[in-house]
Amino acid sequence: MTPSAAALRKITDQLQAVEAESGDGVIQLGRDSSLKVSNLAKVFFPKPGITKGEVMRYYTSVWPYLRTVLADRPLSLKRFPDGVAGKFFFQQKAPPNPPDVVRVESIKSPAGEIQERIIGGTLGTTLYCTQIGAFECNPWNVRVGSLSDPDFTVIDLDPGPKSPFARVIEVALWVKEALDHLGLHAGVKTSGATGIHIVIPLPPKSTDAVAERVPRLIAEAVAGAHPQSATVVRPISKRGSSKIYVDFGQNARGKTIAAAYGVRARPEASVSTPLRWDELTPGLDPRDFTIRTLAARLETVGDLWGPIMKRPNPARIVTTL
DNA sequence: GGTGATC
DNA sequence: GATCACCAACGCCAC
DNA sequence: GTGGCG
Ligand SMILES: [Mn+2]
Ligand SMILES: [Mn+2]
């Protein structure tokens, strides 16, 4: 159930009002659901001066886009209670007594133990994550109901400390060539930090083995063909500071990547932003996409992510690699 | 950030 | 009411 | 076992 535009507008108005007052209050999310919030006027991104309330308003306004990215997926949280420049910690298990609007399910952890986890897909859940300073809320590649069937797999391009972003783009286009050659399609987005994510939607009932093998084959082929620019070597010291690390290792159970449309805990409050492949040109700067610029972009380009992720690649190809 | 203990 | 201590991940792999 | 890694 996705709230209407009018309902979302009511929520952003409430957030605005609470932030302008004491910063503490209760947000009415629906007829009988509400969320207690606090410190909405506290700055969590010092450089642009972005508050917790502004992040909540961003998530509310892009909710129609974000919802399908998070729906039914266990989340891994990274929390920054003192702002994105402060200390952080990861959180896997749901807290003991989460508010009613937060979806929690008993899930088998990768190690095989039952644990209570936060599940994405409701606005209340996402606003709660922001409330507790979880500025990164990363979804698993499986959904409750099919917890052993990954429905996407990712090739994660991580630039070294001295790689120009143009080099990330170059490698991304080589990955695209490899995908084309194999007859596969994929979505591309900024990671929100310094790299790029190339996400390959998988057919139903795909296995972890497929999710782990497909990106690996492509990554090794690209790094093998372009050793000057790309590498799959794991130790940083043996990697070369201006090469792009083609990371195929983010596809095991419990590993995650940033959600499309999700904010990152970076100084600019940048957002992992879906792109058209033809936008991968030298002028592209991932820092241009922030919670303050995304609304305008979405108005013109619409949802570049949902439709691609809903179109699985053929099992015939993906399982025979 | 949330909670429970303590002065 | 203010202050404080404590809590909040994990799997893989090379060595 | 410990450390590096994301
Ligand atoms: Mn990355
Ligand atoms: Mn990575």
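Each chain gets a letter, A, B and so on, in the order its sequence line appears, and its residues count up from 1. These numbers were taken from a predicted model, which means no experiment stands behind them.
Rounded to an integer number of Å, the gap from A/I196 CD1 to D/dG6 P is 18 Å. One interatomic measurement links the two molecules: CZ of A/R264 to C1' of D/dG6, which rounds to 11 Å at whole-angstrom precision. For the pair A/Q250 CD and C/dC10 C1', the computed distance is 12 Å after rounding to whole Å. Rounded to an integer number of Å, the gap from OH of A/Y128 to P of B/dG2 is 7 Å. A/L35 has its CG atom 10 Å from the P atom of B/dG2, to the nearest Å. If you take CG of A/L75 and P of C/dA9, they are 14 Å apart, rounded to a whole angstrom. For the pair A/E212 CD and C/dC13 C1', the computed distance is 14 Å after rounding to whole Å. In this structure, A/R117 places its CZ atom 8 Å from P of C/dC10, rounding to the nearest Å.
Taking a cutoff of 4.0 Å between a charged side-chain nitrogen and a carboxylate oxygen, A/R216 and A/E212 do not qualify as a salt bridge. Of the charged side-chain nitrogens involved, none lies within less than 4.0 Å of a carboxylate oxygen, so that A/K42 and A/E54 do not count as a salt-bridged pair. Using a cutoff of 4.0 Å between basic side-chain nitrogens and carboxylate oxygens, A/E136 and A/R79 are not scored as salt-bridged.
Remark: A/Q131 is in phosphate contact with B/dG2, judged by side-chain N or O atoms under 4.0 Å from OP1 or OP2. Taking 4.0 angstrom as the limit, A/R234 places none of its side-chain polar atoms (N or O) nearer than this to OP1 or OP2 of C/dG11. Side-chain N/O atoms of A/K93 include one lying less than 4.0 angstrom from OP1 or OP2 on C/dA9. Listed pair A/T256 / C/dC10 fails the phosphate criterion, with no side-chain N or O lying under 4.0 Å from OP1 or OP2.
Using a 4.0 Å heavy-atom distance criterion, A/F248 is classed as making no nucleic acid contact. Contacts of A/I236 with the nucleic acid, taken as non-hydrogen atoms under 4.0 Å apart, involve only primed sugar atoms and P, OP1 or OP2. If you check every strand for non-hydrogen atoms under 4.0 Å, A/A134 touches nothing. A/Q91 comes within 4.0 angstrom of sugar-phosphate atoms only, judged by non-hydrogen atoms across all strands, and of no base. When heavy atoms are screened at a 4.0 angstrom cut-off, A/S38 is found touching the sugar-phosphate backbone but no base atom. In this structure, A/N97 reaches neither bases nor backbone, as no heavy-atom distance under 4.0 Å exists between it and the strands shown. As judged by a 4.0 angstrom heavy-atom cut-off over every strand, A/K42 is placed among residues touching the sugar-phosphate backbone only.
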Applying salt bridge (Lys or Arg N to Asp or Glu O under 4.0 Å) to A/D151 and A/R143, what does each step give before you reach the verdict?
CA-CA 8 Å; A/D151 56 6; A/R143 302 170 189 248; 3.0 Å; yes

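Panel note: side chain A/K52, backbone A/Q131; a donor-acceptor pair is recorded below 3.5 Å.
Closest contact between the side chain of A/D158 and the listed nucleotides C/dC10, D/dG6, B/dG2 involves D/dG6. Across B/dG2, C/dA8, D/dG6, the shortest atom-to-atom separation from the side chain of A/F89 is found for C/dA8. With distances taken from any side-chain atom of A/R239 to the nucleotides C/dC10, D/dG6, C/dG11, the minimum falls on D/dG6.
Under the 4.5 Å side-chain criterion, counting only non-hydrogen atoms from C-beta, A/L157 is in contact with A/V246.
The separation of D/dC5 from C/dA9, taken at their P atoms, amounts to 24 Å, rounded to a whole angstrom.
Toward the 5′ end of DNA chain C lies the nearest nucleotide of A/R79, the other residue of the pair A/R79 and A/K255 mapping further downstream.
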